[in-house]
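Heads up, the thing below is written out as structure tokens.
In the text below, chain A, chain B and the rest are named by the order of the sequence lines, each starting its count at 1.
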Protein chains: 2
Amino acid sequence: MMTVHEVSALSGVTIRTLRYYDRVGLLCPAARTEAGYRLYDDETLRKLQRILLLRELKIPLRDVSRLLKMSETAQREAIGRQITLLELKKERTEKLIALARRLSKGEETMDFSPFDRCKEEAYTAEAKARWGETEAYGAYEKKAASRTEAEGSLLAGRMMQIFADFGALMDGDPASEAAQAKVKELQDFISTHYYPCTDAILMGLGQMYVADERFRANIDAAGGEGTAAFVQKAIAVHCGKE
Amino acid sequence: MMTVHEVSALSGVTIRTLRYYDRVGLLCPAARTEAGYRLYDDETLRKLQRILLLRELKIPLRDVSRLLKMSETAQREAIGRQITLLELKKERTEKLIALARRLSKGEETMDFSPFDRCKEEAYTAEAKARWGETEAYGAYEKKAASRTEAEGSLLAGRMMQIFADFGALMDGDPASEAAQAKVKELQDFISTHYYPCTDAILMGLGQMYVADERFRANIDAAGGEGTAAFVQKAIAVHCGKE
DNA sequence: ATTGACACTCTCCTTACGTCATGGTTTACA
DNA sequence: TGTAAACCATGACGTAAGGAGAGTGTCAAT
């Protein structure tokens, strides 16, 4: 039977951590002295070792706690899931690195206005073509006119973000659930901030994304080469389905 | 002047977040109504946009707060540092994935006992050769004998971890600061848990790491092909320097 | 018997907010 | 003009995994 001090020295975890693990029921000592000192035995030690291994893999302690009560197979399975999670995390980090590089390289670190102007023009043109001088179009015009430059820029930045997200999905299928969810998000976003975006209009936008030079350049800058084309394909799938 | 609701809709951050940013002084509204309602203007909005960009890069809000008061150049620099950090994080994640794969593939998911037995034998032999039947050796023998299997396994696991860390440094210089720090850590670890590990003994261990089949196999399993050789080189640098 | 090292519990602190709870304000409509 | 809906405010509590420190009890040795 070892005290906290000895276990700490042996395992490398702090005494505080041992106490914490006891309190949350993750690793309770085998016994206590009369004075209340924690006493650990060999089995507890082995359990601690397993805990440390799972913790290494960044598995949340809550899950570790549950896992320890389950079979070896289940634990193996959990590790497999954790691998998937870690891979996702790695991808996200890679995306961030790419974004940071673009930011630190680009002259206009945080200026989306070129895209913004382009977008406004294009959307306006598209909306006009679809609606003519209808009431909805009038409402949009009014909203757009009353929008300050800062507001427009903010919205453009969010649009860029959506396209960047599309870029991250590009190695997958345009029909994948994730891509289709993004399409919906894009449609919602346009509907909320610009004008009610029907599937027909969305379809037209998608075609414009690849056809219009400035548009395609901006979108590909946000999500990488080929993003505009990918978005168009994803939109086509979305509209074809419904 | 916009209310929290409007800013929230425009920027995509929650109202709660806006309130939080106000409280911590990161983004205070331009004004308040008599009733205390927050009112945001265009300039505040632009500031929010910059905040969101830096936040995207996982820069801590505390740092974002400081950065916003600094020059454009300083911000660019900070982004550069952040890239380095993100790359480190990516590497760590990759290491974790490798570890998880080893764990889920290996039959003996969490059993270090082969390494443990090997290590005990080898260390014992090395220690004996260095010290003969001295007092220090007697103390070590006693400690080793009283060690239960679980205790030994835990220590072996930590040793594996150290070798895994060496493996992650393998693409660098054995004389690098990081590698040398690891050598010190290894020496400390042995001194603390086995016997006082002088440079001479450490040197001998390093040679054994590459010479002894079982040893090398175990170390390379922990840190990847060539880890044992790398550790030996790092140890040589350490001992040559002092 | 005292001292120093060690143990205990308790509480607050960390990030970046989410989630109520409670109550005041503004606006739209009847 | 009354009221209901929608909006706003502050404050408190919770999160993951402990760290730091306060205040107090216990053990071994001198």
Side-chain angles (χ1 to χ4, degrees), chain A residues 1-40 44 47-48 50-68 78 82 85-86 89 92 96 192, chain B residues 1-41 44 47-48 50-68 82 85-86 89 92 96 192:
Chain A
M1 295 293 233
M2 324 168 59
T3 69
V4 276
H5 189 78
E6 293 166 319
V7 174
S8 170
L10 208 56
S11 66
V13 311
T14 66
I15 292 173
R16 175 65 174 87
T17 298
L18 290 172
R19 275 202 285 256
Y20 176 69
Y21 286 177
D22 184 9
R23 201 165 68 79
V24 300
L26 178 55
L27 184 80
C28 299
R32 295 269 198 150
T33 69
E34 276 181 34
Y37 285 26
R38 289 173 181 78
L39 292 177
Y40 297 85
T44 322
K47 187 171 171 190
L48 173 58
R50 285 214 305 282
I51 291 171
L52 294 182
L53 265 179
L54 295 173
R55 187 183 71 164
E56 255 310 282
L57 301 180
K58 306 286 177 193
I59 294 176
L61 292 190
R62 186 144 314 185
D63 297 355
V64 170
S65 199
R66 277 190 297 105
L67 276 175
L68 288 179
Q82 186 64 9
L85 271 182
L86 289 173
K89 204 169 135 194
R92 255 176 298 159
L96 286 186
T192 304
Chain B
M1 294 295 231
M2 325 167 61
T3 69
V4 276
H5 190 81
E6 292 165 322
V7 174
S8 170
L10 209 56
S11 65
V13 311
T14 67
I15 293 174
R16 176 66 177 89
T17 298
L18 289 173
R19 236 178 339 225
Y20 176 70
Y21 287 177
D22 183 9
R23 206 167 68 78
V24 301
L26 178 55
L27 184 80
C28 298
R32 296 270 196 149
T33 69
E34 275 180 36
Y37 286 24
R38 290 175 179 77
L39 293 177
Y40 297 84
D41 65 356
T44 321
K47 188 172 170 189
L48 173 59
R50 285 215 305 282
I51 290 171
L52 295 181
L53 264 179
L54 296 173
R55 187 183 71 163
E56 258 304 289
L57 302 179
K58 306 288 177 190
I59 295 177
L61 291 190
R62 184 143 316 184
D63 297 356
V64 170
S65 199
R66 278 190 297 105
L67 276 175
L68 288 179
Q82 187 63 11
L85 270 182
L86 289 173
K89 207 170 131 194
R92 263 192 312 239
L96 286 186
T192 304

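- Around atom CZ of B:R32, more than 12 heavy atoms belonging to other residues, nucleotides or ligands sit under 6.0 Å away.
- Within 4.0 Å of B:V4, counting heavy atoms only, lie sugar-phosphate atoms of the nucleic acid but no base atom.
- To the nearest 0.5 angstrom, B:K89 atom NZ is 8.5 Å from A:R92 atom CZ.
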For this session: Go through the steps for A:L61 and A:V24 under the test side-chain contact (heavy atoms from CB on, under 4.5 Å), then give the verdict.
Result: CA-CA 9 Å; A:L61 292 190; A:V24 300; 5.8 Å; no

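- Atom CG of residue A:L86 and atom CD1 of residue A:I59 lie 8.5 Å apart, to the nearest 0.5 angstrom.
- Atom CG of residue A:L10 and atom OG1 of residue B:T192 lie 11.5 Å apart, to the nearest 0.5 angstrom.
- Residue A:M1 holds its CE atom at 7.5 Å from OG1 of A:T44, rounded to the nearest 0.5 Å.
- Classification of A:R19 and A:D22 as a salt-bridged pair fails, no side-chain N sitting under 4.0 Å from a carboxylate O.
- With hydrogens and angles disregarded, a donor-acceptor distance shorter than 3.5 Å links the side chain of B:S11 to the backbone of B:V7.
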Distances under 3.5 Å between protein N/O atoms and the N/O atoms of nucleotides 16-19 of chain C, please, pair by pair.
{"from": "C:dA16", "atom 1": "OP1", "to": "B:L61", "atom 2": "N", "distance (Å)": "3.3"}
{"from": "C:dC17", "atom 1": "OP1", "to": "B:R55", "atom 2": "NH1", "distance (Å)": "3.4"}
{"from": "C:dC17", "atom 1": "OP2", "to": "B:Y21", "atom 2": "OH", "distance (Å)": "2.8"}
{"from": "C:dC17", "atom 1": "OP2", "to": "B:R55", "atom 2": "NH1", "distance (Å)": "3.4"}
{"from": "C:dG18", "atom 1": "OP2", "to": "B:T14", "atom 2": "OG1", "distance (Å)": "2.8"}
{"from": "C:dG18", "atom 1": "N7", "to": "B:R16", "atom 2": "NE", "distance (Å)": "3.3"}
{"from": "C:dG18", "atom 1": "O6", "to": "B:R16", "atom 2": "NH2", "distance (Å)": "3.0"}
{"from": "C:dT19", "atom 1": "O4", "to": "B:R16", "atom 2": "NE", "distance (Å)": "2.9"}

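- In this model, the phosphate group of C:dA7 is approached by a side-chain N or O of A:H5 to a distance below 4.0 Å at OP1 or OP2.
- Of the residues B:L68, B:T17, B:L18, the one that meets the side chain to side chain contact (heavy atoms under 4.5 Å, CB included) test with B:L26 is B:L68.
- Rounding to the nearest 0.5 Å gives a distance of 4.0 Å between OH of B:Y21 and CZ of B:R55.
- Chain A approaches DNA chain D within less than 4.0 angstrom (heavy atoms of the protein), and the contacting nucleotides run 5' to 3' from D:dA16 to D:dC27.
- For DNA chain D, the neighbouring residues in residues 26-40 of chain A, judged by any heavy atom under 4.0 Å, are A:A35, A:Y37.
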